2 protein chains.
Amino acid sequence: MEKIVEQTLLYDFYGKLLTEHQKSIYEDVILNDYSLSEIAEENGISRQGVHDLVKRCNKILKDYEEKLHLVEKFIETKDMVNKINQLTKDYLQSKDIQCIEEIQEISNHIVKNF
Amino acid sequence: MEKIVEQTLLYDFYGKLLTEHQKSIYEDVILNDYSLSEIAEENGISRQGVHDLVKRCNKILKDYEEKLHLVEKFIETKDMVNKINQLTKDYLQSKDIQCIEEIQEISNHIVKNF
């Protein structure tokens, strides 16, 4: 996965567990794409300080994912639901009943693996 | 939701964030349904100590859910996937094309709200 996508996803899931200060700076760097110098000046800390804080936040977010695997689980489920969506389109075109059976299998699999 | 179901779900999602000691005692009380006295004796702590530890764990797990809402999100998704599963059965019986359209809507909704 692209690094920025991974960071955004991890932040979406676990960002609420960071402190307000961490969230504010992390968002400016990762989501708003401000330069380290701008953020450093605005917050009265050094560029190195901003860099270290982002590194520390990345580690915190990754540690949560390593323990909980919830981003991984959500991505898997989303992929399967996308597949279901595609199968409904295939079915409307082809009227092949196998599409319906496949939707049934996938939805069973999702429900059982929750 | 029934309290024991809620506790089990919260533990499934966030249990890995507890310490080994907390996990071991929490599992004995909530999942294995041992008595407080048994667990107290086995771990060389008081019944009150076991009670307090479980209460503290419940609070930790609830605090994570209050911040992240991931159990809530998973339950919602599971309900919708169950509905998709039911609609495939309905369709195979009735051959009503509305069932397929509804599957399409629900799967779109899940993917967009992830």
Side-chain angles (χ1 to χ4, degrees), chain A residues 5 8-20 22-23 60-61 63-114, chain B residues 5 8-20 22-23 60-61 63-114:
Chain A
V5 176
T8 308
L9 262 172
L10 287 174
Y11 187 75
D12 274 352
F13 274 75
Y14 305 119
K16 294 255 167 61
L17 300 172
L18 300 175
T19 67
E20 287 307 316
Q22 287 172 329
K23 274 192 282 186
I60 294 172
L61 298 175
D63 283 351
Y64 279 117
E65 177 61 9
E66 256 169 49
K67 282 190 178 148
L68 305 183
H69 301 287
L70 295 176
V71 175
E72 185 189 321
K73 214 169 165 180
F74 265 95
I75 291 175
E76 275 173 20
T77 305
K78 190 177 177 177
D79 285 348
M80 286 189 280
V81 175
N82 263 326
K83 177 78 184 155
I84 287 175
N85 198 265
Q86 185 56 49
L87 283 163
T88 58
K89 290 178 195 152
D90 294 350
Y91 179 74
L92 291 176
Q93 279 220 318
S94 68
K95 294 283 182 310
D96 179 353
I97 205 77
Q98 253 198 313
C99 296
I100 307 298
E101 287 160 3
E102 217 178 315
I103 292 173
Q104 220 161 22
E105 267 172 47
I106 296 172
S107 58
N108 265 326
H109 180 83
I110 295 173
V111 170
K112 272 184 198 140
N113 286 277
F114 250 73
Chain B
V5 176
T8 306
L9 262 172
L10 287 174
Y11 186 75
D12 274 351
F13 274 75
Y14 306 118
K16 294 254 167 61
L17 300 173
L18 301 174
T19 67
E20 288 307 315
Q22 287 172 329
K23 275 191 282 187
I60 294 172
L61 298 174
D63 284 351
Y64 280 118
E65 177 61 9
E66 256 168 49
K67 283 191 179 149
L68 306 183
H69 301 287
L70 295 176
V71 175
E72 186 189 320
K73 213 168 165 181
F74 264 96
I75 291 174
E76 275 173 20
T77 305
K78 190 176 178 175
D79 285 347
M80 286 189 279
V81 174
N82 262 326
K83 177 79 183 153
I84 287 175
N85 198 265
Q86 184 56 50
L87 282 162
T88 58
K89 289 180 195 151
D90 294 350
Y91 179 75
L92 291 175
Q93 279 221 319
S94 69
K95 293 284 182 315
D96 179 354
I97 205 77
Q98 254 199 313
C99 297
I100 306 299
E101 288 161 3
E102 218 179 312
I103 291 174
Q104 220 161 24
E105 268 172 46
I106 296 172
S107 57
N108 265 327
H109 181 81
I110 295 173
V111 170
K112 272 186 198 139
N113 284 277
F114 249 72

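Order of the sequence lines sets the chain letters (A, B, ...), proteins ahead of strands, with each chain counted from 1. Remember, predicted model here, so these are calculated numbers, not experimental data.
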To the nearest 0.5 angstrom, please state how far the CD atom of A/E101 sits from the OG1 atom of B/T88.
-> 9.5 Å
Test side chain to side chain contact (heavy atoms under 4.5 Å, CB included) applied to A/L92 - qualifying residues, sequence neighbours left out = B/I97, B/I100, B/Q104
Should we count CD of B/Q86 as having more than 12 external heavy atoms under 6.0 Å?
-> yes
Based on non-hydrogen pairs under 4.5 Å, which of A/L70, A/I84, A/D12 is most in contact with chain B?
-> A/L70
Given that the side chain runs from C-beta out, which part of A/F74 has a heavy atom under 4.5 Å from chain B: side chain, backbone, both or neither?
-> both
Within-4.5 Å side-chain heavy-atom neighbours: A/L68 and B/Y14 = yes
Has A/E76 got more than 12 heavy atoms of other residues, nucleotides or ligands less than 6.0 Å from its CD?
-> yes
Between A/N85, A/N82, A/L17, which shows the greatest number of heavy-atom pairs under 4.5 Å with chain B?
-> A/N85
Among all residues two or more places apart in sequence or in another chain, which pass the side chain to side chain donor-acceptor pair (under 3.5 Å) test with B/K23?
-> B/E20
Would you give the length of the straight line joining atom CG of B/L87 to atom OG of A/S107, rounded to the nearest 0.5 angstrom?
-> 9.5 Å
B/K112, part contacting chain A, at a heavy-atom distance under 4.5 Å | neither
